Amino acid sequence: MGQEQHATWGGRFSEEPAERMLRFSESVSFDARLARYDVRVNKAHSAMLCKIGILTAGERDAIHAGLDALEKRIEAGELSWDIRYEDVHMNLEQALTREVPAAAKLHTARSRNDQIATDMRLYFKDACGEIEEALTALLRVLVDLAERSRDVLVPGYTHLQRAQPVSLAHHWLAYAEMFGRDRDRFRTAARAANVCPLGSGALSGTTLPLDRAFVAEYLGFVDEAGRPCLTRNSMDAIADRDLFLDFAQACAVCGTHFSRVAEDMILWSSREFGFIELPDAYCTGSSLMPQKKNPDAMELLRGKAARLQGNLQTLFSLVKGLPFTYNRDLQEDKPPIFDSGDQTARSLEVLAGALSGCEIRAAVCREAVEDPLLLVTDVVDYLVQKGVPFREAHHLAGRLVRLAEEAGVPVNALPFDQVRGLHEAFAEDWTDVFDLERAMRHRTGVGMPGPEPVAAEIARWREALQS
Ligand code: ARG
């Protein structure tokens, strides 16, 4: 190993790192995936070093050509990553220097500290974009489902007890609202990532005359007007892991959302509810019980949500209490981040696939929603409209429920005399309240589950998802 092994920082050392230390401290096994960003950062940095006279044009061109060749080898899986060089940065630099001697100048005025901060910001921009696309695809599936189930009514639940009727479309659109907010969260994270930390050095910049704006522009860290966006404090730029927390938080919140949807689907696809049939392609059977069809995709989505929360917790614990600025602990920030990014994107794809193939069992939904108790709250509204104070109306409707239970009849089948006996505000038309379609038609306000507002929301979503 000798000379070459210590090429990057070996000058002051008299002993080789212990084998177990190498295996313990390497990160290339998980940060090699940053190679394409590291190549871009190397190109930007060497172009800038040429601009300020530290590299000749010939040296820059040789480095760029070497980086292109290296990238091809990486894509073809031909570069053998070596734990003796710890991480992606040193592996690339070593491999490049073997081919291009001028690359010995590449690390001028730079540290792996600002390098990893820059690589990760490029990663976050891409990862947010990928998840945003997955969310958009899921939103389209939800809006299509809403379209398909405009005329299907189901009981809405609170406390997992039947509460009031809603259109199934309204239910799908409720999920769309959640995932729409997730999309905003990832967009915000991508915007926050769009600031270039390169030039911060190890923590206090450099005495060399860097052109930070040039590098930022080269890497696409620019605002809408094309102006370079630079971090404003070298120490913060190195120590800062807010983006990691924001991204992991966005993933954890999104996971919490898809976990709740998954739970609804598990319930709805059970024999007890039976509102939907999940597609076979997203379910599995039992190795023992031949009749079983298990909603594994949905259960795994619930499970993944726990993992995403754990990753966020790991990052909070990692960063909390760390002295400024860089500490090697921070290398541990990448596994949870990559895991959260990957698992969130894959989970959203699976959810979109499973939902788009799910069958709505309209007859079962209809039977469940015909339970007249779901409209007893509308009886309260009926009485209120006749001038009965709400509290009294609520009490009267409660009495109706009790009478029906005692008589063992559906609440709307109570004889009119008995109902009238409770309060004179009841007229013969009181049972009209139990007409479901009418009940839904009367829910006209913005955000309500009536056919009109639901149609308006479907149109609004369609428009929002066009781009
Ligand atoms: N692999 C390191 C990490 O991910 C890169 C930065 C190393 N910096 C250092 N001073 N050892 O954190």
Side-chain angles (χ1 to χ4, degrees), residues 5-13 15-18 20-42 44-45 74 79-97 103 106-127 193 196-206 215 219 231 234-245 247-248 311 314-342:
Q5 184 208 346
H6 283 165
T8 51
W9 47 258
R12 82 180 293 289
F13 285 78
E15 226 184 349
E16 302 280 316
R20 68 179 71 165
M21 173 58 182
L22 286 178
R23 266 184 274 117
F24 180 65
S25 68
E26 65 84 22
S27 59
V28 70
S29 55
F30 53 83
D31 66 18
R33 67 184 283 165
L34 294 173
R36 60 199 176 110
Y37 304 119
D38 213 58
V39 165
R40 273 168 65 193
V41 170
N42 279 327
H45 189 64
I74 295 167
L79 185 77
S80 56
W81 303 100
D82 190 337
I83 61 164
R84 286 177 307 163
Y85 305 131
E86 275 182 33
D87 55 22
V88 62
H89 320 294
M90 293 212 284
N91 268 272
L92 288 189
E93 193 184 319
Q94 289 293 325
L96 185 65
T97 312
L106 183 59
H107 209 54
T108 306
R110 184 177 76 176
S111 157
R112 281 182 293 156
N113 296 353
D114 57 351
Q115 210 175 336
I116 189 64
T118 312
D119 286 7
M120 286 304 287
R121 281 172 179 270
L122 293 172
Y123 162 81
F124 282 125
K125 285 209 233 180
D126 278 359
C196 187
L198 209 69
S200 302
L203 79 161
S204 77
T206 173
V215 172
L219 290 171
T231 53
S234 63
M235 294 181 75
D236 174 55
I238 294 311
D240 174 23
R241 289 297 180 273
D242 287 4
L243 257 175
F244 292 63
L245 297 171
F247 180 78
N311 288 340
T314 298
L315 289 162
F316 269 122
S317 305
L318 188 68
V319 178
K320 173 205 156 300
L322 272 191
F324 257 54
T325 48
Y326 179 82
N327 300 268
R328 191 66 184 277
D329 319 37
L330 290 176
Q331 183 170 287
E332 290 293 317
D333 59 10
K334 278 167 282 301
I337 282 295
F338 295 148
D339 188 56
S340 284
D342 294 343

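Each ligand, and each atom within it, is numbered from 1 in the order the structure gives. All figures in this text were calculated on a predicted structure; none of them were measured in a lab.
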Which pairs of N or O atoms, one from ligand 1 and one from the protein, are separated by less than 3.5 Å, and what is the distance for each pair?
residue: ligand 1; atom: 1 (N); partner: Ser27; partner atom: OG; Å: 3.4
residue: ligand 1; atom: 1 (N); partner: Asp87; partner atom: OD2; Å: 3.0
residue: ligand 1; atom: 1 (N); partner: Gln331; partner atom: OE1; Å: 3.1
residue: ligand 1; atom: 4 (O); partner: Lys334; partner atom: NZ; Å: 2.7
residue: ligand 1; atom: 8 (N); partner: Asn113; partner atom: OD1; Å: 2.9
residue: ligand 1; atom: 10 (N); partner: Asn113; partner atom: OD1; Å: 3.3
residue: ligand 1; atom: 11 (N); partner: Arg112; partner atom: NH2; Å: 3.4
residue: ligand 1; atom: 12 (O); partner: Tyr326; partner atom: OH; Å: 2.4

Self-check item: Side chain proximity check, Arg36 to Asp126, heavy atoms < 4.5 angstrom
Solution: yes

Could you tell me whether Lys334 and Asp87 make a salt bridge, using a distance below 4.0 angstrom between a side-chain N and a carboxylate O?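 No, Lys334 and Asp87 are not salt-bridged.
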
Lys/Arg-Asp/Glu bridge criterion (N-O < 4.0 Å) met for Arg328, Glu86: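 Result for this pair is yes, salt bridge flagged.
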
Phe24 atom CZ, neighbour heavy-atom count above 12 within 6.0 Å:
no

Sorted by chain and number, sequence neighbours left out, ring pair (Phe, Tyr, Trp, His ring centres under 6.0 Å) with Tyr123 holds for Phe338

All heavy atoms of Val39 vs all of Leu92, minimum pair found to be CG2-CD1, 4.1 Å

